[in-house]
Amino acid sequence: MCGIVGYIGEQNAYPIIINGLKKLEYRGYDSAGVAINNLKNINVYKKKGKVSDLEAFTKGKDISGTIGMGHTRWATHGVPNDVNAHPHTSMNGKFVIIHNGIIENFAVLKKKLVARNYTFKSETDTEVLADLIEYIYLFGKVNAETAVRLALNKVIGAYGLVVMCTDEPDKLICARNSSPLVIGYGDNEYFIASDATPFVQYTKKAVYLDNQNLAVITRDSVTVKTIKNDVINPDIQQIDFDSDEAEKGGYRDYMLKEIYEQPKSILETIRGRVYENENAIKLGGLLDVMPKLLNARRIIIIGCGTSWHAGLVGEYLIEEYARIPVEVEYASEFRYRNPILTQDDVVIAISQSGETADTLAAIQLAKAAKACVIGICNVVGSSISRETDAGVYTHAGPEIGVASTKAFSTQVTVLAMIALLLGKCKYMIGQQQYHQLLTELLSIPEKIEHTLQSAAKVEEVAKLYKDSRNFLYLGRGCYYPVALEGALKLKEISYIHAEGYPAAEMKHGPIALIDDKMPVVVIATQDKGYEKIVNNIQEIKARKGKIIAIVSEGDTVISKMADHVLEVPKFDTAIGAITTIVPLQLLSYYIAIMRGCNVDQPRNLAKSVTVE
Ligand code: M6R
């Protein structure tokens, strides 16, 4: 959480920083701030609210300077207000700092600084760090870089930070531990950011800082070191997306754009990996770990939120097609419950951002137990993608809307490919069935495209239920996690209470909630569990619940029972299950818009949760 941007070069820093912050607002939007250095002064402006509030606040103020940094905050320590907003300035004004992460031992450090007569303006852990750096600088009589380095050696916790020093105005010092930081290499200019989107329009050359690394950046050089002072030769990488991929491209919101991008994103996910003619799936990123996967005692899938839901679909697909036992765990629970792990287990960690703190910690635990860890990430070069033994990128393109949409469908696509690959290698799937499954997989983009054409119908249904206070989402088998995901989408962007449930479990409790005001979304496509779900629909009907059914095209049975039907194209296997999420995404989107909610930046949330 929190987005960081820094710039040093020949251009005016302010517009680069502000535009960069707007691209990082998905990481937090409780407050925003900038520090712009014109080599005489470092002007700091900060404001509660969004980057646009900050922009309004800086109108008419001195924003000149070619060195600068900015921050958009998701509050951890201290309420969202102007004082707790970043940047934070040290007590004697020598250092200005922006920070993403949590300094876990801040209370101990603060106590020591208070004993040395330091006073604090904010409630943040970051101000403590600014003062610690300053204290070391002033009393240790060292340069700014050394002060930052020594301070970071005393810190326990996560940080992605940028520091300015008034005595050394022509440089930026940045460092990272568990919170992402990328340095963009331009011509006589450098950029720093939490991800590459703020600077990809200026340069595609970037260095992803490693944990406990620090960089000193001047207009013409970057020096990377560990916080123990060992110099590092950084690996300059090429960024593989364009700046317009991170724009709204004519859509009202990022979320809508990302829903509509799904056919294209899934095509990218399967591109170069599924070969229909050869009847083969090739996942280069898994080649080295295939023996481990094929001999796995069990597979444990970990993730949070939407990624966890994708994992549940993965469990269904891997067990169905590869017959390997799978368990799916919330990373946040897994990491703290002393799980039994051996080197015969394979852990698959799923994360769009690749930065989720709980998932990262769970990976470290699995690695310590010598389990093989595979990542399914979207963000290239992210912490999780680098921490894992092997992996498969989803290649969904930047997902900016806080509510995950294309991340989910592409994660499920990767899991489907893994399930089929393993199934074939373990001789669990015959050639003909395999071919049918590959054909189905390849048809998903087109089927989603087709489903999107019914958006107007979904909008009509949304109009009828936008004022409902509760929703129930039901599904069986691999549609149960789709129901969970549909419910999550609705609650996070429209603030309506929604629950996802396995359809057959309804009669063990939730059925008590059903009355003539309760909309119940049922995923009821024509496959394995069809007859059972028809019975469940009857049970809801008998209690006068309002049924919104997701059905296969041409279904005449459910259309007679349900209040509304939303059709998806027919498919023959569980591989097609991904398609059913599309009407649910659209339903939550339209309801949220009709309720006047900001779908891209829902309250209290942030896109990547880099704190526990
Ligand atoms: O980046 P990750 O996939 O690790 O993020 C996990 C969750 O925080 C994320 O899926 C969250 O639940 C989304 N906001 C859901 O839309």
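We count ligands from 1, going down the list as the structure has it; atoms in each ligand are counted the same way.
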(request) Using distance alone, determine whether T359 and ligand 1 share an N or O pair under 3.5 Å. (result) no
(message) Tell me the nearest of I384, L605, V402 to atom 13 (C) of ligand 1, using heavy-atom distances.
(response) V402
(message) For E446, is the CD atom crowded, meaning more than 12 foreign heavy atoms sit under 6.0 Å from it?
(response) no
(request) Would you kindly say whether T356 and D358 are connected by a side-chain donor-acceptor distance under 3.5 Å? (result) no
(request) Within a distance under 4.0 Å of any heavy atom of S307, pick out the atoms of ligand 1 and give their elements. (result) 2 (P), 3 (O), 10 (O)
(request) Check the pair K406 / E261 against salt bridge (Lys or Arg N to Asp or Glu O under 4.0 Å), numbers first and verdict last. (result) CA-CA 7 Å; K406 60 178 181 171; E261 263 173 1; 2.6 Å; yes
(message) Looking at ligand 1, would K489 count as a contact under a 4.0 Å heavy-atom criterion?
(response) yes
(request) Give the residue, atom name and distance (to 0.1 Å) of the protein heavy atom nearest atom 1 (O) of ligand 1. (result) S353 OG, 2.6 Å
(message) Ignoring hydrogens and geometry beyond distance, is a side-chain donor-acceptor pair present between Q352 and T306 at under 3.5 Å?
(response) no
(request) Consider every N or O of G354 and every N or O of ligand 1, then say whether any pair is closer than 3.5 Å. (result) no
(message) Could you tell me, atom by atom, which parts of ligand 1 come under 4.0 Å of a heavy atom of A403?
(response) 16 (O)
(request) Not counting sequence neighbours, which residues clear side-chain contact (heavy atoms from CB on, under 4.5 Å) with E459? List them please. (result) Y590, M594
(message) Test of understanding: with side-chain contact (heavy atoms from CB on, under 4.5 Å), list the residues that count as partners of V380, not counting sequence neighbours.
(response) D240, Y393
(message) Quick check on contacts: which atoms of ligand 1 are under 4.0 angstrom from a heavy atom of S404?
(response) 15 (C), 16 (O)
(message) Quick test: of every protein heavy atom, which one is nearest to atom 6 (C) of ligand 1, and how far off is it to 0.1 Å?
(response) C304 O, 3.3 Å
(request) Establish, for the pair R73 and Y29, whether the NZ or CZ atom is under 6.0 angstrom from the six-membered ring centre and no further than 45 degrees off its axis. (result) no
(message) Using the ring centroid of each side chain, check whether H309 and Y480 are separated by less than 6.0 Å.
(response) no
(message) Out of all atoms in ligand 1, which are within 4.0 Å of some heavy atom of S351? Include the element for each.
(response) 1 (O), 2 (P), 3 (O), 4 (O)
(message) Using the rule side chain to side chain contact (heavy atoms under 4.5 Å, CB included), only one of V414, T410, T394 pairs with N378; which is it?
(response) T394
(message) Would T306 count as being in polar contact with ligand 1, using the rule that some N or O on each side must be under 3.5 angstrom apart?
(response) yes
(message) Suppose we measure from atom 16 (O) of ligand 1 to each protein heavy atom; which comes out shortest, and what is that distance?
(response) E492 OE2, 2.4 Å
(message) Quick test: of every protein heavy atom, which one is nearest to atom 8 (O) of ligand 1, and how far off is it to 0.1 Å?
(response) V609 CG2, 4.0 Å
(message) Suppose I only count heavy atoms of G305 and a 4.0 Å limit; which atoms of ligand 1 are within that range?
(response) 10 (O), 12 (O)
(request) Tell me which protein heavy atom sits closest to atom 5 (O) of ligand 1, plus the residue, atom name and distance to 0.1 Å. (result) T356 OG1, 3.5 Å
(request) Give a yes or no on whether L287 atom CG has more than 12 heavy-atom contacts from other residues, nucleotides or ligands under 6.0 Å away. (result) yes
